[in-house]
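Positions are given from 1, in the same order as the sequence printed here.
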Amino acid sequence: MSFTITVILIFLLASCIIGGQLSSIYSTGHYIDVLTFSNLKSWRDAGPRIVLSSAAITVTCMLLTLAAALLPMQKFCRRHGRAMLLCCLVCLAACCADQKGAFRNFNHAYRSYLKQKDFRTDPEIRRIQQLIYGQNETFGNAAPAESVPDLRGKNIVVIFAEGFSAGWIDLFNRYRGLTPNIDSFLGESLYFDGYFNHTAATFRGLRGQLTSSYQTEGGYYRTNDGLGQISGEKLRKKLAGNLVSVPHILEKNGFHTYFLSAHERKEQLNLMLETLEFGRVFGADDFYKGAQRLTDRQLFSVLKDLVSGGRLQQPYFLGLYNIGTHLGQDSPDEKYGSGKNILLNTIRNFDDAFGRFWSSVRDRKDLAVILTADHAAYPSDLYNLTFGTQRSYFADRIPFAIWTGGTGQRVIDAGGRNSLDFAPTLLQMMGIKNAFNYFLGCSLFSQECRWRFQYITNIDDSFWETPSLRRLSSRNEDDREIMRKIRDFYHLSENVE
């Protein structure tokens, strides 16, 4: 009987892995990756369709294994138990040996996840990184003044759209009427084309852009010690004060800084934002009693009231993050066409909500609105099917548009530079000078400042070079060097425990 149980357990384990891989292929179009493990605890954001289908596929695989094994295999295992166990092990070994197989992929993703999770900062490396990257910079002083939008004296609103690739916008895809409001907005804005996300997902994306940095720590882990799970006290101890952020610099220069999140106030994402030294972080339940999430329409309605209601002290910088365009969500309000494609529904709904806000401030001369993203869209099967792409990596072009009161459209080719450049570009437009920082990026208006960091997207233990989106290889000497530098920077972006 012990052999029977052993064989069944081996089959169950194998079926669980296969079920997980099948559910990943069904929902994203490819095998499980490191972010799958990292984001297990944020399953609510994935939407009920993905959660239920993934659970159903995995459980079905396990039930089929039990049904096939329990009854017919008992007698067989009594007589041929050792041979059966040996065959199972040989079969599993053969499957694991397949470089592109489900088991090998699962093993690689899980080991990379553990490596990332177990990262610990080294005090000496941290001290060296502080000496290397610490700088008191005058932002973009090499760029001619007439080429840079002047945001001095204006209140600033920055919209970090959840998982929003530039290819979602009508101007860059085959659809019409999907993003008419964003199209109109771009027609009156400065827009950076060929601009990429430098990391993902949201925790890294928001913190990385507001500090111009890379970091290894993600949001969620099964051991409940990711940035999205630890207490506010632990979060502050781990993150606060080790990097210089945009809100920190702006507060030193007379600005009042705010962030509006679609999550409830106690959500760990909001606690992370507080460590960036925003003067006030608003959550869903600040405006809707007992609310855990705000729809995009609700969120932009709140934004409209904040901007027009006198609740914010001027001059101010306000960041915003929505949740309605997250992978797996569907729109509760606007639909696109027949409404059958949930991805198109969420994009159309975001555009409608954004348009309602923008139309209310379009005549304001004291306001600048910036539209960008926390990171690119996740390369799900639905995404690739909808937009006719074959992307399998979490790196893509994202929007970066600056509206300063309807001065007409202007397009600048970013040439593959990435969102590490967001912070220095913003500060140059705002006329901020002589701010101490550890920024890895440079202003997009500067043609003289060039670092290879500006062309590298790093997520977990994977690296891509933009704009070609070539995956870096440890067998290439130049690639090894830049990967080593980025990993070294992790020591600076997180505090010693």
> Under 3.5 Å, is there a donor-acceptor pair between the E334 and N345 side chains?
Replying inline: no

> Does any non-hydrogen side-chain atom of L206 lie less than 4.5 Å from one of F160?
Replying inline: yes

> Strictly by modelled atom types, are S261 and E267 linked by a side-chain donor-acceptor pair under 3.5 Å?
Replying inline: no

> When you check the gap from the basic side-chain N to the acidic O, do R311 and D305 get nearer than 4.0 Å?
Replying inline: no

>> For the backbone of G283 and the side chain of D286, can you confirm whether one donor and one acceptor N or O come within less than 3.5 Å of each other?
In response: yes

> Using 30° and 60° as the class limits, which term best fits the ring planes of F164 and F350: parallel, tilted or perpendicular?
Replying inline: tilted

>> Check D170 with R176, please: is the shortest side-chain N to carboxylate O separation under 4.0 Å?
In response: no

> Just by modelled atom types, is the N181 backbone N or O under 3.5 Å from a matching donor or acceptor in the D351 side chain?
Replying inline: yes

> Given N341 and T386, is the side-chain hydrogen bond (donor to acceptor under 3.5 Å, both in side chains) satisfied, shown in steps?
Replying inline: CA-CA 8 Å; N341 188 313; T386 300; 3.0 Å; yes

>> I'd like to check L492 versus N242 (side-chain heavy atoms, cut-off strictly below 4.5 Å). Are they in contact?
In response: no

> Under 30°, 30 to 60°, or over 60°: which ring-plane class applies to W403 and F185, parallel, tilted or perpendicular?
Replying inline: tilted

> With a 3.5 Å cut-off and no angle check, do the side chains of E162 and T325 form a donor-acceptor pair?
Replying inline: no

>> I want to check something: taking the side chain as every heavy atom from C-beta on, are L190 and Q409 in contact at a cut-off of under 4.5 Å?
In response: no

>> We want to know whether Q454 and N418 form a side-chain donor-acceptor pair, criterion being a heavy-atom distance below 3.5 angstrom.
In response: no

> Taking the side chain from S493 and the backbone from Y214, do they hold a donor-acceptor pair closer than 3.5 Å?
Replying inline: yes

> Mind checking whether R204 and N458 have side chains closer than 4.5 Å, heavy atoms only?
Replying inline: no

>> So M430 and F255, do their side chains get closer than 4.5 Å, heavy atoms only?
In response: yes

> For the residue pair Y455 and F196, is the inter-centroid distance of their aromatic rings smaller than 6.0 Å?
Replying inline: no

> Do the side chains of L444 and R417 get nearer than 4.5 Å, heavy atoms only?
Replying inline: yes

>> Once salt bridge (Lys or Arg N to Asp or Glu O under 4.0 Å) is applied, what residue pairs with a partner in residues 423-445 remain, sequence neighbours excluded?
In response: none

> Is T466 reaching over with its side chain to a backbone N or O of L469, donor-acceptor style, under 3.5 angstrom?
Replying inline: no

> Does a donor on one side chain and an acceptor on the other come within less than 3.5 Å for S443 and D421?
Replying inline: no

> Do S419 and H198 have side-chain atoms, one donor and one acceptor, less than 3.5 Å apart?
Replying inline: yes

>> Test your reading of the model: is there a side-chain donor-acceptor pair from N197 to the backbone of F394, 3.5 Å cut-off?
In response: yes

> Do the rings of W464 and Y393 sit parallel, tilted or perpendicular, given the 30° and 60° boundaries?
Replying inline: tilted

>> For T346, is there any backbone N or O sitting under 3.5 Å from a side-chain donor or acceptor partner on S331?
In response: no

> Charged N to carboxylate O below 4.0 Å: is that the case for R293 and D285?
Replying inline: no

> Does atom NZ of K304 have more than 12 heavy-atom neighbours from other groups under 6.0 Å away?
Replying inline: no

> Between the main-chain N or O of D296 and the side-chain N or O of N322, is there a donor-acceptor pair closer than 3.5 Å?
Replying inline: no

>> Hydrogens and angles aside, do N270 and Y321 bring a side-chain donor and acceptor to less than 3.5 Å of each other?
In response: no

> Atom CD in E137, atom CZ in F436: separation rounded to 0.5 Å?
Replying inline: 11.5 Å

> Any ring pair (Phe, Tyr, Trp, His ring centres under 6.0 Å) pairs touching residues 231-252, not counting sequence neighbours?
Replying inline: none

> Do T257 and L318 come close enough that some side-chain heavy atom pair is under 4.5 Å?
Replying inline: no

>> When you measure from the side chain of S165 to the backbone of A377, do you find a donor-acceptor pair of N or O atoms at a distance under 3.5 Å?
In response: yes

>> I'd like to check L420 versus F439 (side-chain heavy atoms, cut-off strictly below 4.5 Å). Are they in contact?
In response: no

>> Could you check whether D488 pairs with R484 (Lys NZ or Arg NE/NH1/NH2 to Asp/Glu carboxylate O, under 4.0 Å)?
In response: yes

> Which class fits the ring pair F400 and F422: parallel under 30°, tilted 30 to 60°, perpendicular over 60°?
Replying inline: tilted

>> Between T211 and V244 (side chain of the first, backbone of the second, donor and acceptor by atom type, cut-off under 3.5 Å), is there such a pair?
In response: no

> Do we see a donor-acceptor contact under 3.5 Å between the side chains of D396 and Y383?
Replying inline: yes

> So does R487 pair up with D461, basic N to acidic O under 4.0 Å?
Replying inline: yes

> Who pairs with E274 by side chain to side chain donor-acceptor pair (under 3.5 Å), at least two apart in sequence or on another chain?
Replying inline: none

> Can you tell me how far CZ of R364 sits from OG of S308, rounded to the nearest 0.5 angstrom?
Replying inline: 7.5 Å

